[in-house]
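Worksheet: one structure, shown below.
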Amino acid sequence: MSFQYKFQKILTLKEREKEESLHIYQESVRKFTIAAEHLYDLLKKKEDLEQFQSEELANGLSVDKIRHYQYFISNLEKSIEHAQGLVIHARNTMNWHEEKLKESNIEVKKYEKLKEKSYQAYMEVLHKTENLNLDEFSSRQYFFRGGS
């Protein structure tokens with residue numbers, strides 16, 4: 001008599017779903033990181049450009065150059081707004097996948113706990129059966145020896 005968990009196929013399926021959720025979550029973290037780094041780079045470019053423009057203004061700057069820098073900064077701001085939207089979307093996606101991963105973990109733990117309880121019940125039945133068999137064996141030996 002060996003232990004057979006009646007929900008083993010479901011547990012295996014849930015473990016596979018958990019692994020898939022983990023990979024999807026990790027990919028969403030990677031995409032979020034890329035989007036956040038891109039946003040950071042754009043913000044840094046804008047900051048550097050504004051600092052450079054301030055230094056140039058102190059030294060005297062033509063109107064055309066001022067217009068050129070303002071146009072470039074304006075384009076950077078549009079890119080930053082777009083990148084912020086991408087970061088927000090990537091963060092929301094990452095958080096959603098994190099919740100799905102947590103749900104998958106909970107499901108797997110439920111079935112593992114059921115398996116553990118089922119195994120403990122099996123071991124109790126096995127132990128009781130062994131004890132009954134030993135008691136019966138002892139009783140038979142006692143009677144065969146003549147009950148002395």
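Worth saying up front: this structure is predicted, and the values here are computed from it rather than measured.
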At what distance, to the nearest 0.5 angstrom, does [atom1] of [X] lie from [atom2] of [Y]?
X: Leu13; Y: Glu107; atom1: CG; atom2: CD; answer: 10.5 Å
X: Ile24; Y: Glu98; atom1: CD1; atom2: CD; answer: 14.5 Å
X: Leu126; Y: Tyr119; atom1: CG; atom2: OH; answer: 8.5 Å
X: Thr93; Y: Tyr25; atom1: OG1; atom2: OH; answer: 12.5 Å
X: Ile66; Y: Gln53; atom1: CD1; atom2: CD; answer: 7.0 Å
X: Lys100; Y: Asn105; atom1: NZ; atom2: CG; answer: 13.0 Å

Side-chain heavy atoms nearer than 4.5 Å, only ILVMFWY residues, links allowed to pass through others: does that put [X] and [Y] together?
X: Leu57; Y: Phe52; value: yes
X: Phe3; Y: Phe7; value: yes
X: Leu42; Y: Val87; value: yes
X: Leu49; Y: Ile80; value: yes
X: Phe72; Y: Leu39; value: yes

Looking at [X] and [Y], does any basic side-chain N land under 4.0 Å from a carboxylate oxygen?
X: Glu17; Y: Lys14; value: yes
X: Glu77; Y: Lys46; value: yes
X: Asp64; Y: Arg67; value: yes
X: Glu27; Y: Arg30; value: yes

Are Gln26 and His23 close enough that some pair of their side-chain heavy atoms sits under 4.5 Å apart?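 When only atoms from C-beta onward are counted, His23 and Gln26 do touch, with a gap below 4.5 Å.
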Contact check, side chains of His97 and Leu101, non-hydrogen atoms, under 4.5 Å: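 No, every pair of side-chain atoms sits at 4.5 Å or beyond.
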More than 12 heavy atoms of other groups within 6.0 Å of Glu20 CD: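 Incorrect, the count does not exceed 12.
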Between Tyr111 and Tyr5, is the gap from one ring center to the other below 6.0 Å?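 No, they do not, as the ring centres are separated by 6.0 Å or more.
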Between Met123 and Gln120, is the side-chain contact (heavy atoms from CB on, under 4.5 Å) condition met? List the steps. CA-CA 5 Å; Met123 291 305 288; Gln120 288 173 350; 5.7 Å; no
Distance-minimising heavy-atom pair for [X] and [Y]:
X: His38; Y: Ala83; result: CD2-CB, 4.1 Å
X: Met94; Y: Ser28; result: CA-OG, 3.4 Å
X: Lys45; Y: Leu76; result: C-CD1, 4.1 Å

Lys44 and Asp41: CA distance, side-chain angles, deciding distance, salt bridge (Lys or Arg N to Asp or Glu O under 4.0 Å) verdict: CA-CA 5 Å; Lys44 184 71 174 143; Asp41 290 342; over 6 Å; no
Is a side-chain donor-acceptor pair under 3.5 Å present for Lys115 with Gln8?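 Yes, Lys115 and Gln8 have a side-chain donor paired with an acceptor closer than 3.5 Å.
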For Leu114, does its backbone N or O pair with a side-chain atom of Ser118 as donor and acceptor, under 3.5 Å?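 Not a single qualifying donor-acceptor pair exists.
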Between Ser74 (side chain only) and Gln70 (backbone N and O only), is there a donor and an acceptor less than 3.5 Å apart?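 Here the side-chain-to-backbone pair does not exist.
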CA sep, side-chain torsions, deciding dist, call: Glu15, Lys18, salt bridge (Lys or Arg N to Asp or Glu O under 4.0 Å): CA-CA 5 Å; Glu15 286 172 340; Lys18 176 185 156 188; over 6 Å; no
Run Glu81 and Lys78 through salt bridge (Lys or Arg N to Asp or Glu O under 4.0 Å) and show every step you take. CA-CA 5 Å; Glu81 284 179 34; Lys78 288 176 187 172; over 6 Å; no
